[in-house]
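What follows is a single structure, written as structure tokens, with notes after it.
Since the model is a prediction, treat every value here as computed from it, not as a measurement. Numbers restart at 1 for each chain; the letters A, B, ... are given by sequence-line order, proteins then strands.
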Number of protein chains: 2
Amino acid sequence: MTRQLSRRSVFEALLHRSPISRADLAKVTGLSKQTMSEVVDTFEQQGLVRRVGRTSGNVGRTAVLYELSPEGGHVLGIDLGARRLTVALAEIGGRVLAEADEPTDGRGGAWVLDQIARLSDRLARDNHTHPSRIRSIVLATPGVVNPKTGSIEMAPNISGLDHLNVVGLLGEKLGHPVVFENDINLALLGEIWHGCAQNLANVAFLALGSGVGLGLYVNGELVRGENGAAGEIGYLPIGGDPLQAESRVQGCLEYQLGAAGIVRRFGEAGGSPVDSAKQVFELAQSGDARAIAVVGETARLAALAAATVVATVDPQLLVLGGSIGARPDFADQVARALVQLAPRPVEIRTSLLGARAGVVGAVSVALRRLHDEFFGVAELASALPLPPPAQRHAPQ
Amino acid sequence: MTRQLSRRSVFEALLHRSPISRADLAKVTGLSKQTMSEVVDTFEQQGLVRRVGRTSGNVGRTAVLYELSPEGGHVLGIDLGARRLTVALAEIGGRVLAEADEPTDGRGGAWVLDQIARLSDRLARDNHTHPSRIRSIVLATPGVVNPKTGSIEMAPNISGLDHLNVVGLLGEKLGHPVVFENDINLALLGEIWHGCAQNLANVAFLALGSGVGLGLYVNGELVRGENGAAGEIGYLPIGGDPLQAESRVQGCLEYQLGAAGIVRRFGEAGGSPVDSAKQVFELAQSGDARAIAVVGETARLAALAAATVVATVDPQLLVLGGSIGARPDFADQVARALVQLAPRPVEIRTSLLGARAGVVGAVSVALRRLHDEFFGVAELASALPLPPPAQRHAPQ
DNA sequence: TTCTATTTATTCGGACGCTTGACGAATCAA
DNA sequence: TTGATTCGTCAAGCGTCCGAATAAATAGAA
């Protein structure tokens, strides 16, 4: 029990300061040299740690340096988008070994699952890792992921996936259980781990692309909501009559702010025919007056959504992401509009990782789960619960 | 270190199952009878625990029963409202011993601080507790409380308090440091501890009274925001033009939905002169058509705010509180309007504790802080942090 | 009443994990 | 070569926990 705590703090020190000697580990963790040698020895026997050289140049005896060994375990992050499939492989120490991506198999359904398995397998073998060594897998997917069951409640925009038991089938194909999480939530975690929101505890991630979505990170924790539906801001009563038919079906804000809404509004404004929101933005940059107006209105709506989030959860930073939100010209307009709307100034940044955010976030969660599997202190960490109002008297 | 964990789990068992014998404690906690006797003995010596009788009627030797002793410590919860001052005294085991309230001293400033000290002192002495025995004090106040400094950033609606170092002065007067927290947040925690939201982890508390405010409880934790300004939904861009002058100063939603806004709208609708929002609601109940319309519009605005919260954080339960929000007739109208607006049905309840919610929540936080002071595992509980992207190599 | 089964409570011995201090080993600098 | 310094191991001791044995107290059966 107390050994578990020692092992945990040694592992933590190894995560952040490798390569490191046993003597230094003892100083950092506060444990004795004796205990340290014992712990490191068991780590070495388990393959969690390996020798990596000796110190030199210092006065005194040289020390053996240790670092976390890739033998300790590998993790897989997968971003399953409607257009693109991305997979990343990392080792227990946090180093991302390789990333690969392909267009998502257009035939959908089981073909996509096969594609994921094939790509993951190739990635593992190309990096001298047998797929069976992978000890944690997290998959980013659009749609609502129920936090209790882990199942997908709203199928992603991929045909034929909604009838399949995706969690079970994919776990079987990959030889290890797969944890699902909403892609926007994972993009947010990606930005927090390796992106523009590092070391912050209160961050909101506004994703504007084909749809609109929000990721919330509060008190250093992801907000999923009771049904995993937190951040479904497509349904915010902004930008139109929330009782309208379109608003009921698709969500009031999404109807205006989604890519389809932008294209539609550009058409209604008499703009030349376009078939993607991207073209509207490009027209605006080239000076098309109608496009400029539509983009301005789009930024105003996004700022309204941002102001809503700022007033509700008071984040330290607002990250703009998604294929539309990450455009720097657009982000500037949103920031300017937000100054007028928000009760207090809030910093805005555009996504640093872009399309990679989701897969990086998936890797970060997969890593965290692996670490917790080895060194978790689940029941220890729980807060002392207060007594209920009706004192239960133990029947004697 | 490991003893601390044992002590902690024994205390937890005592909190929830007292009176209880040492033998039963051993069964519940999984510790040995031997260890249990040691721990309980030290608790008894520290005055944390006392004998309270023996078992009888069972076969076998009788057991000595123990319970948490009030000698272990008392806590104070204080709700400082603009109109009313409420103080509650509880003991370490969670029992609320007494509550008292008075109209807030209208002279404001230092008089109010004196009043708090006097009322607290009386409450302690009336319950055979010397004020010096009080080991944790939490005060509920309107306004934004900075979560880092603990200071009040927006002074409550009490004259003369904004120039004073309230935290320091009050701590001195009461002989123990005082922790401040937003009154709506504490009302929410009150409902979660003893009210209508017991044992839930995702709750939103919509407070409608002279102002509008929101309390958020997510993942079993209070959401304060980076600056303590989470839940400042008076600034939601709902119910009017958010760029208007009134919206900028007071908040767009608050301008319409606050008590003053209700009275104003009733006047604009040609209603008979009233001087409080309460009268508008009473007129509506007695059949006044204009009042009915104004109340209906008010409910619609509240439902829009609620829909915003539901779409953003997906709570399990929405509690309506505050002098206006807790009216059952009004809550029904809000619930009906929300069905049309929210993407998914969400349960709504009205506050069970009413005006007492704030002080009950203050007691709950004071208790939790006392428990953590004795049995906290702060650094143990922290999650394993992931390594930063740039691996720091220890300079050797 | 006496005896037995049962439960509570204490005592004792042993195991585990951690620390301290001493000591040998390895290295750099003079 | 010598001394200072640091690394790593060994041995001893301490705190905490557990399990087994034992004593104490009680209800129910004989």
Side-chain angles (χ1 to χ4, degrees), chain A residues 1-14 17-46 49-67 375 377 379-380 394-396, chain B residues 1-14 17-46 49-67 375 377 379-380 394-396:
Chain A
M1 165 52 72
T2 156
R3 190 44 159 255
Q4 184 71 4
L5 290 172
S6 297
R7 289 165 55 88
R8 179 186 161 93
S9 68
V10 173
F11 178 77
E12 183 179 342
L14 280 164
R17 297 167 194 261
S18 68
I20 185 171
S21 70
R22 277 175 288 179
D24 282 348
L25 276 174
K27 280 175 205 152
V28 166
T29 60
L31 296 169
S32 68
K33 289 188 292 181
Q34 172 63 15
T35 305
M36 190 52 57
S37 281
E38 290 172 24
V39 170
V40 170
D41 279 357
T42 63
F43 278 2
E44 202 175 358
Q45 279 172 26
Q46 293 168 6
V49 132
R50 65 180 179 197
R51 293 160 188 250
V52 73
R54 307 185 73 91
T55 56
S56 70
N58 290 7
V59 70
R61 178 175 171 179
T62 57
V64 179
L65 294 176
Y66 292 85
E67 69 174 11
F375 304 105
V377 285
E379 70 288 359
L380 263 184
Q396 286 291 345
Chain B
M1 163 54 72
T2 156
R3 203 23 160 318
Q4 184 71 3
L5 290 172
S6 298
R7 289 167 55 88
R8 178 187 161 93
S9 69
V10 174
F11 179 76
E12 183 179 341
L14 280 165
R17 295 165 197 262
S18 68
I20 186 172
S21 69
R22 277 175 289 178
D24 283 348
L25 276 174
K27 278 176 207 152
V28 166
T29 59
L31 297 169
S32 70
K33 290 186 290 181
Q34 169 61 13
T35 306
M36 191 52 57
S37 281
E38 289 172 27
V39 170
V40 171
D41 279 357
T42 64
F43 277 3
E44 202 174 359
Q45 278 172 28
Q46 292 169 7
V49 133
R50 66 180 177 196
R51 295 161 185 247
V52 72
R54 306 184 75 89
T55 56
S56 69
N58 290 7
V59 73
R61 180 175 169 178
T62 55
V64 179
L65 293 176
Y66 292 84
E67 69 174 10
F375 303 106
V377 284
E379 70 288 0
L380 269 184
Q396 286 292 345

For A:G60 and for A:T35, locate the closest nucleotide of DNA chain C by heavy-atom distance; then report the residue assigned to the nucleotide nearer the 5' terminus.
A:T35
DNA chain D: 5'-proximal contact among B:R54 and A:R22 (nearest heavy atom)
A:R22
Look at all strands and tell whether A:E38 reaches a base, only sugar-phosphate, or nothing, counting heavy atoms closer than 4.0 Å.
nothing
Rounded to whole Å, how long is the line connecting atom CZ of A:R7 with atom P of C:dC18?
11 Å
Can any side-chain N or O of B:S9 pair as donor or acceptor with the backbone N or O of B:S6 at less than 3.5 Å?
yes
Nearest whole Å is fine: how far is C:dA9 C1' from B:D24 CG?
13 Å
Would you compute the distance between atom NZ of B:K27 and atom CZ of B:R17 and round it to the nearest 0.5 angstrom?
12.0 Å
Would A:V39 and A:R22 count as a side-chain contact (heavy atoms from CB on, under 4.5 Å) here? Give the steps.
CA-CA 10 Å; A:V39 170; A:R22 277 175 288 179; over 6 Å; no
Starting at atom CZ of B:R61, determine the distance to atom C1' of C:dT8, rounded to an integer number of angstrom.
5 Å
So, is A:S6 close to the C:dC18 phosphate, meaning a side-chain N or O under 4.0 Å from OP1 or OP2?
yes
Quickly, which of A:V28, A:L25, A:D24 forms a side chain to side chain contact (heavy atoms under 4.5 Å, CB included) with A:M36? Name it, please.
A:L25
For DNA chain C, whose closest nucleotide is more 5', that of B:Y66 or that of A:L31?
B:Y66
Nearest whole angstrom, please: distance from the P of C:dG17 to the CZ of A:R3.
6 Å
Take atom NZ of A:K33 and atom C1' of C:dA26, then tell me their distance rounded to the nearest Å.
13 Å
Can you tell me which nucleotide in C:dT6, D:dC18, D:dG8 comes closest to the side chain of B:V59?
C:dT6
At 4.0 Å (heavy atoms only), tell me whether B:T62 reaches a base, stays on the sugar-phosphate, or touches nothing.
sugar-phosphate
Derivation of the side-chain contact (heavy atoms from CB on, under 4.5 Å) call for A:Y66 and A:E44:
CA-CA 9 Å; A:Y66 292 85; A:E44 202 175 358; 3.8 Å; yes
Rounded to whole Å, the CG-C1' distance (B:L5 to C:dC16) equals 16 Å
In whole angstrom, give the distance that lies between atom CG of A:N58 and atom P of C:dT27.
13 Å
Nucleotide of D:dC7, C:dT20, C:dT8 approaching A:S32 most closely (side-chain heavy atoms)
C:dT20
Base, sugar-phosphate, or nothing for B:S37, non-hydrogen atoms under 4.0 angstrom?
sugar-phosphate
Where the side chain of A:Q34 is defined as all heavy atoms beyond and including C-beta, which of C:dC18, D:dC10, D:dC7 is the nearest nucleotide?
D:dC10
Give the rounded distance in Å between these two atoms: CE of B:M36 and P of D:dG19.
13 Å
From D:dG8, D:dC17, C:dT8, pick the nucleotide closest to the side chain of B:T2?
D:dC17
